[in-house]
Structure formats: C-alpha cells, structure tokens
Amino acid sequence: MERIAIVGAGTAGLHLGLKLLSHGVPVTIYTEQEPSRLRVSRLLNTVAHHAPTRMRERILGVDHWSGPNADMFYIGIHVNGGPHPFSLRGRLDSPTIFVDYRQYQPRLAEDFVARGGKLEVLPVDLDVLERLAQQHALMVVATGRNGLTRLFPRVPALSPHTQPPRMLFAALLKGVRMQEPIGMNANLIPGQGEIFESQVVTADGRVPSVLIEALPGSELSRLSTQRYDEDPRAFEAMLMNFLRRFAPTTYERVDSASFGVRGPMDYLQGSFTPTVRQGWAPLSNGRFALAVGDTHVTNDPVAGQGANAGSASAFALAEHIVTALADNRPFDEVFCREAEAGSWAATAPATHWTNTLLQPPPPHVIDLLAAGSKDARVADAIATAFVTPELILSACASPENSAAFIARHRPMVREAAPPPSPLAWHPPPEEPKVTVSLTR
Ligand SMILES: Cc1cc2nc3c(=O)[nH]c(=O)nc-3n(C[C@H](O)[C@H](O)[C@H](O)COP(=O)(O)OP(=O)(O)OC[C@H]3O[C@@H](n4cnc5c(N)ncnc54)[C@H](O)[C@@H]3O)c2cc1C
C-alpha cells in the first residue's frame, strides 16, 4: 500500500506526485473525475508558468509544450485610462508559457500513471478523507480553492481580504491578431482594474486570450457580473468597447467583424476571496493532512502567481517528505509544522507581490515604470522582475529601492526621475453587488 496519498490532480498535486515518484516514493492520487474529462470542460483559467516553474517542469520531464511557437519573451505594461498614459515593453530573461490547463493537467496525469503512479477516481469528502487516512501514512490535500478547504482554518494575519478584490472574466478569443513575437500586455487602469492580453497554447495551437481583473463596482466589473450567455453578441460588443478604451494596444489588432469569445466553453466569470490557510490539520485517527497549492494559499490571479506558487510549494513539500522517509521520521505534528513553514517560505513572495499589485501603486512605483518607458534596459529588468516576486517586491519596497533598481539597470544616465503621475489611482470601490464562485 502506498504510504503517501494526494487528493486532487491539479498542478500542485501532480507536481508533488511526479516529484515523489522521481525519488522512488510510491504515491496514490485520488481525484474527483477522470482527468481526460477536463479536455472537454469549461476554460479553467489562463495560467502563465514562469521560469522557475518551467525549470521544475524540465526536472520532472513534463515540458511538453516549449518551442518557438509557445515561448513568450515580451511583456508590455501600459498605464492607461488617465491623463498621462505611458507604456513600456521589456524582454524576459527566460520565457514564460501559457498552456490551456484542459490540456496540461490531463497530460501530466497520464505522465504520472505512465511512471507508475496510482490514480484513482474518487470524490473525497471529509468522511472519505478520514477513511483513506487509515490506509496511508500521510494525506496531502490538493483540491484547489473549492475542495476540502474547510479542514484548514484561515490565517487572518496573512489574509488581508475578506471579500473578492477583483471581479474576473477570462476568455480565449477570436478576431484578435496575435502579437509577434509572442508577448503579453498588462494594462493597469486607475479606478477600473487590469486587463491582460496573452496567448494560450491550446489543443488547436496558440490562440489569443484576455483576463479582466475588475475592481468591484467599476464599469469594467460588468464583464464579470453581466452573464455572457444571456446575450453573447452584446457582451462581446461591450468587451470590445472596453478594449478600445482601456487596452488600445490590443484593440488596434481587433477585427471587429470576427471578434468574440472563441467557443461556448472558452470563458469564465466570477470572483473569489484570496486566503492563506493553515497548512495542516489533525485527523481523527491521530494522522495528519497537509494542504498544498490553492488549498493552502489562494492568490488572486492579478500577478499570475497561484499555480507557480503551488508548484514551488509542491517541490518544497516533496523534499520534506523524502527527507522524513529517509530518516524514518513519523508524519506527526512536528513534521507538519516544519512542512508548512517550508511551503509557506516557497510561496510567500508570490502572495505578498499579488497583494501589493492589488493596491494602487505608490508614486515611486509609477516612477519605476515611467523609467522603463524611457529606457529599454530598465524595461527589460522590470519585465523579468514582474514575473519574479522576490525581485519586484524588492524593487518596489521603497523610493530608495526603486531608484537603486533604475540606477543598476541604467547606470550611465543621471537624469531626474519623472514627476509622479497625478493620477488618482483606484478610488474606493463600491461593495460588489454579486459574489459568485467561478463557473467551473
Ligand atoms: C482566471 C485565472 C487566471 C489565472 N492565472 C494564473 C497565472 O497566470 N499564473 C498562475 O500561476 N496561476 C494563475 N491562476 C491560478 C491557478 O489557476 C491556480 O493557482 C492553480 O490552478 C491551483 O492549482 P491546484 O493544484 O492547487 O488546484 P486545482 O488546479 O484547482 O486542482 C484541484 C484538483 O482537485 C480536484 N478535486 C477538487 N475537489 C476534490 C475532491 N473533493 N475530491 C477529489 N478531487 C478533488 C480537482 O478536480 C482538481 O483536479 C489563475 C486562476 C484563474 C481563475
């Protein structure tokens, strides 16, 4: 019987399972549905995997999608919608990739089984979890933000949000000419939120995508609260109009005659509250359950970090488990506390960066971005930092840090930083009128 059981075959559960298998540790994954069913499901998200996650994928031997038609090197950041719009475009040190999770997760589940992992289709509730804990030395819960989260209490000191900070709409699109070379655009819109345009590798190749992160109560939030399926054509006209106003770099590549959501399953709408939970819980038989991925830490998607953090913590957790097995240590409360600390250390920068990005930027961060709009070397450094939480947190931590970041990447230039933008960033949001779970 396998000593380690993982509940959930999402990215966190699969990266953990594959990593344990690579150390020769037998693992069973229990998951609520046959992974291949995801291939015909609704869009789950629009996930960017950045350099550290891609390195882990190479270590796991699951880097199936890399290549010149998938690797994304460019990020455009546009401060739009105010009196002084400006843009910067930077090149990443190593490429990011967006793969449709409806392809990614079933493929990794196949890899897991092909390498000797056991995968059982079984929806797990708390009773079933208790029963499974009789058969395994350690249960790891990786059921995402909706699954068995109630087992793991919220940690208020690390969870500043009590309601969704953004209302979401994400879709694969048609009628948008894709940027070449492959790039994404982040539009930061004071008072409205953010619009991200990127390109996702799907079963049919690379397609354009959009993620709307709307402040509750803003005009943009209608893309989340007004149901797409009630009147798709009117909805698409509204989306196109928002792109025209707030994402002009994307809008200039829109063909209005063919623009729209790519297919009836290619969108999602909703919202959720980012939460950090305790990473472990005692079970009634004296054994323990650990949480990993979104079950432990749910981040808002604004910084594109949730899955990357889940993968990082899966690797940290695998290391703890392998070491404990080698030392013949029990999976007791002390082990769980240490494992939780290791997981949190691997994911905390992503959470801090996400929570920072959800706030209006202070003037020195506007100065940093403005410096990038004037100097390609600074823009490149900002682009790489933007997807690397430790780097960007340090660059944005204080006016002195931002100035030092600029000086480091533009060492010969001695001009004064541009004046802070007079933009009032996000006015206090109204309470959201609708709070729904993401359509799954
Ligand atoms: C619109 C959007 C955009 C995003 N963009 C990014 C991005 O750019 N970069 C990024 O890193 N992250 C992004 N994220 C976040 C990312 O999608 C999540 O952080 C990540 O998918 C979480 O992985 P997970 O393995 O923890 O959970 P999940 O991927 O949700 O997997 C959970 C698994 O558990 C199974 N399960 C659930 N309940 C049970 C049960 N009771 N019994 C058995 N099995 C169960 C599910 O079927 C599934 O297999 C985005 C999210 C959204 C919504």
Side-chain angles (χ1 to χ4, degrees), residues 5-17 29-38 41-50 52-54 72 96-102 104-106 108-109 112 119-129 132 139-151 164 166-172 184 186 194 196 198 200 209-213 224 267-272 274 277 291-314 343 347 350-351 353-354 386-387 389 437-440:
I6 300 169
V7 186
T11 299
L14 287 164
H15 282 204
L16 175 62
I29 292 184
Y30 297 95
T31 197
E32 62 187 346
Q33 64 172 346
E34 193 56 59
S36 61
R37 282 183 53 197
L38 276 186
S41 80
R42 174 169 298 288
L43 182 72
L44 297 164
N45 41 40
T46 48
V47 172
H49 283 188
H50 305 303
T53 302
R54 302 196 66 192
M72 189 200 87
T96 282
I97 193 170
F98 290 75
V99 179
D100 189 336
Y101 264 26
R102 294 173 295 185
Y104 184 87
Q105 293 186 339
L108 264 64
F112 175 79
L119 192 141
E120 249 183 64
V121 175
L122 179 69
V124 178
D125 59 17
L126 289 182
D127 289 341
V128 176
L129 187 77
L132 292 174
M139 301 298 302
V140 183
V141 180
T143 51
R145 63 176 175 271
N146 296 317
L148 295 167
T149 47
R150 68 179 185 283
L151 191 60
R166 294 289 189 273
M167 310 297 286
L168 307 178
F169 169 76
L172 305 182
M184 82 169 227
E194 298 78 20
F196 297 92
S198 47
V200 177
S209 72
V210 73
L211 166 62
I212 308 290
E213 289 260 339
S224 183
Y267 73 95
L268 64 82
Q269 296 181 281
S271 63
F272 57 85
R277 297 177 195 84
V292 71
D294 275 17
T295 308
H296 182 202
V297 179
T298 307
N299 290 306
D300 185 272
V302 72
Q305 287 296 336
N308 289 282
S311 163
S313 62
S343 280
T347 68
T351 300
W353 166 226
T354 300
F386 199 78
V387 299
S437 294
L438 276 181
T439 318
R440 295 189 67 201

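No experiment lies behind these values; they were computed from the predicted model shown. Ligands are counted one by one from 1 in listed order, and the atoms in each one are counted from 1 as well.
Residue Asn308 places at least one N or O, backbone or side chain, under 3.5 Å from an N or O of ligand 1. Residue Tyr101 has no nitrogen or oxygen atom sitting less than 3.5 Å from a nitrogen or oxygen atom of ligand 1, judged on distance alone. Of the polar atoms of Pro301, none of the N or O atoms is found under 3.5 Å from an N or O of ligand 1, judged by distance alone. In terms of polar-atom proximity, Thr295 is not counted as a contact of ligand 1, lacking any N or O under 3.5 Å from an N or O of the ligand. The shortest N or O to N or O distance between Phe272 and ligand 1 is not below 3.5 Å. At under 3.5 Å, a nitrogen or oxygen of Ala9, whether backbone or side chain, sits near a nitrogen or oxygen of ligand 1. Considering backbone and side-chain atoms alike, Asp125 places every N or O at 3.5 Å or more from each N or O of ligand 1.
A heavy-atom separation below 4.0 Å is not found between Gln33 and ligand 1. Ligand 1 has Leu122 within reach: a non-hydrogen atom of the residue lies less than 4.0 Å from it. Put simply, part of Gln105 is less than 4.0 Å from ligand 1, judged by heavy atoms.
The Thr11 neighbourhood of ligand 1 comprises atoms 25 (O), with distances under 4.0 Å to a heavy atom of that residue. Contact atoms of ligand 1 toward Pro123: 42 (N) (distance under 4.0 Å to a heavy atom of the residue). Set against the non-hydrogen atoms of Val7, the atoms of ligand 1 under 4.0 Å away are 42 (N), 43 (C). Of all atoms in ligand 1, listed by their number and element, those nearer than 4.0 Å to a heavy atom of Ala142 are 32 (C), 33 (C), 34 (O). Near Ala12, meaning under 4.0 Å from any of its heavy atoms, are these atoms of ligand 1: 25 (O), 26 (O). Of all atoms in ligand 1, listed by their number and element, those nearer than 4.0 Å to a heavy atom of Asp294 are 18 (C), 19 (O), 22 (C), 26 (O). Under a 4.0 Å criterion applied to the non-hydrogen atoms of Gly293, ligand 1 contributes the atoms 26 (O).
Taking each heavy atom of Val292 and Gly310 in turn, the nearest pair found is CG2-O, 4.4 Å. Contact record, Gly293 with Ser313: N-OG, 4.0 Å, taken as the closest heavy-atom pair. The minimum heavy-atom distance linking Thr46 with Ala170 is given by the pair CG2-CB, 4.3 Å. For Val302 against Asp300, the heavy-atom pair with the smallest separation is N-OD1, 2.8 Å. Considering every non-hydrogen atom in both Gly306 and Asn299, the closest pair reads CA-ND2, 4.1 Å.
Listed for the Thr53 side chain is no donor-acceptor partner under 3.5 Å among the backbone atoms of His49. A donor-acceptor pair under 3.5 Å is absent between the side-chain atoms of Thr347 and the main chain of Ala309, judged by distance alone. A donor-acceptor contact shorter than 3.5 Å links the side chain of Arg102 to the backbone of Ser41.
Looking at Ala48, Ala309, Gly144, it is Gly144 that brings a heavy atom closest to atom 28 (P) of ligand 1. When Pro106, Ser209, Ala307 are ranked by how near their heavy atoms come to atom 20 (C) of ligand 1, first place goes to Ala307. Looking at Val124, Leu44, Thr143 and measuring to atom 45 (C) of ligand 1, the nearest heavy atom belongs to Thr143.
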Assess whether side chain to side chain contact (heavy atoms under 4.5 Å, CB included) is satisfied between Leu168 and Ile212, documenting all intermediate values.
CA-CA 6 Å; Leu168 307 178; Ile212 308 290; over 6 Å; no
Thr96 and Arg54: side-chain hydrogen bond (donor to acceptor under 3.5 Å, both in side chains), yes or no, with the steps?
CA-CA 8 Å; Thr96 282; Arg54 302 196 66 192; over 6 Å; no
Test Arg277 against Thr298 for side chain to side chain contact (heavy atoms under 4.5 Å, CB included), laying out the working first.
CA-CA 8 Å; Arg277 297 177 195 84; Thr298 307; 3.3 Å; yes
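Classification of the His15-Tyr104 ring pair by plane angle, with boundaries at 30° and 60°, yields tilted.
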